Amino acid sequence: MSGPYVIRGSVVLPEAELVWRFSRSSGPGGQHVNTSDSQVELRFDLVKTQALPEVWQQRALERLAGRLVDGVLSVRASEHRSQWRNRETAAVRLAALLAEATAPPPKPRRKSRIPRGINERRLREKKQRGDTKRGRSGRDWG
């Protein structure tokens, strides 16, 4: 592996808690595809992990509830011909998923008043447009 996969800040995916599974891929590979286990399935137990802070763990469990099977997050990769590159892809994908799921919620939007000048200008322009259209009617033509 090419090193620690950073989730966010100083928090990284712990190698010891990652479970790898390899199988034959349906992707590219020619004759080689039937003999090598190039598809990668990476599993990470979100419930039992000690790597994430408690708040992040709860956030991730909430947001990824639809993807979890018994608290385990699973990611597959089979785009590449080599198992090594599929391992890289799966680990990066898992780290990105966890980074997104553990991100703090956005700050709530504060309502702001529309400035009076903008509102008055909008109404003035509406009135001018209405006058222009009213002037197009053929009533006054004699």
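Everything quoted here is computed from the prediction, not taken from an experiment.
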*Asks:* Less than 4.5 Å apart, any side-chain heavy atom of Trp84 and any of Ser38?
*Replies:* no
*Asks:* Is the Lys NZ or Arg CZ of Arg87 less than 6.0 Å from the centre of Trp20's six-membered ring, within 45° of the axis?
*Replies:* yes
*Asks:* Assess whether a salt bridge exists between Glu79 and Arg93, defined as any Lys/Arg side-chain N lying under 4.0 Å from an Asp/Glu carboxylate O.
*Replies:*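 Looking at Arg93 together with Glu79, the answer is yes, because their closest N to O distance falls below 4.0 Å.
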*Asks:* Charged N to carboxylate O below 4.0 Å: is that the case for Glu120 and Arg116?
*Replies:* yes
*Asks:* Looking at every heavy atom in both Asn119 and Arg122, which two are closest together, and how far apart are they?
*Replies:*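 Here Asn119 and Arg122 meet closest at OD1-NH2, 3.0 Å.
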*Asks:* Hey, are Glu88 and Tyr5 close enough side-chain-wise for a donor-acceptor pair under 3.5 Å?
*Replies:*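 On atom types as modelled, these side chains qualify, holding a pair under 3.5 Å.
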*Asks:* Check whether any side-chain heavy atom of Arg63 lies under 4.5 Å from a side-chain heavy atom of Glu100, and answer yes or no.
*Replies:* no
*Asks:* Can you hop from Phe22 to Val92 via hydrophobic side chains spaced under 4.5 Å?
*Replies:*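 Yes.
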*Asks:* Can a side-chain donor-acceptor contact be found between Gln57 and Thr49 if the only test is distance below 3.5 angstrom?
*Replies:*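 On atom types as modelled, these side chains do not qualify, holding no pair under 3.5 Å.
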*Asks:* Verify the cluster assignment for Val19 and Val75: are they in a single hydrophobic cluster under the rule of side-chain heavy atoms below 4.5 Å apart?
*Replies:* no
*Asks:* Can you tell if the side chain of Pro105 reaches within under 4.5 Å of the side chain of Arg59, non-hydrogen atoms only?
*Replies:*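 Of all side-chain heavy-atom pairs linking Arg59 with Pro105, at least one is under 4.5 Å.
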*Asks:* For a 4.5 angstrom cut-off between non-hydrogen side-chain atoms, does Glu41 reach Ser74?
*Replies:* yes
*Asks:* Looking at Leu46, Val72, Leu97, which one forms a side-chain contact (heavy atoms from CB on, under 4.5 Å) with Arg67?
*Replies:* Leu97
*Asks:* Considering only NZ, NE, NH1 and NH2 on the basic side and carboxylate oxygens on the acidic side, decide whether Lys127 and Glu125 come within less than 4.0 Å.
*Replies:*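 Salt bridge between Lys127 and Glu125, a charged N being under 4.0 Å from a carboxylate O: no.
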*Asks:* Using a 4.5 Å cut-off on heavy atoms from C-beta on, say whether the side chain of Leu98 contacts that of Phe44.
*Replies:*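 Yes, close enough: below the 4.5 Å cut-off.
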*Asks:* Could you tell me whether the side chain of Gln39 reaches within less than 4.5 Å of the side chain of Arg76, counting heavy atoms only?
*Replies:*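 Result yes, sub-4.5 Å side-chain heavy-atom pair found.
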*Asks:* Pair Arg43, Leu18 - check side chain to side chain contact (heavy atoms under 4.5 Å, CB included), show working.
*Replies:* CA-CA 6 Å; Arg43 297 166 151 255; Leu18 299 178; over 6 Å; no
*Asks:* Side-chain contact test, heavy atoms from C-beta onward, threshold under 4.5 Å: evaluate it for Asp70 versus Val47 and give yes or no.
*Replies:*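 No; the side chains remain at least 4.5 Å from each other.
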*Asks:* Apply the test side chain to side chain donor-acceptor pair (under 3.5 Å) to residues Gln58 and Glu62: give CA-CA distance (whole Å), side-chain angles for both, the deciding distance (0.1 Å), then the verdict.
*Replies:* CA-CA 6 Å; Gln58 290 308 314; Glu62 240 174 67; over 6 Å; no
*Asks:* Would a 4.5 Å heavy-atom cut-off, applied to side chains only, mark Gln83 and Val40 as touching?
*Replies:* yes
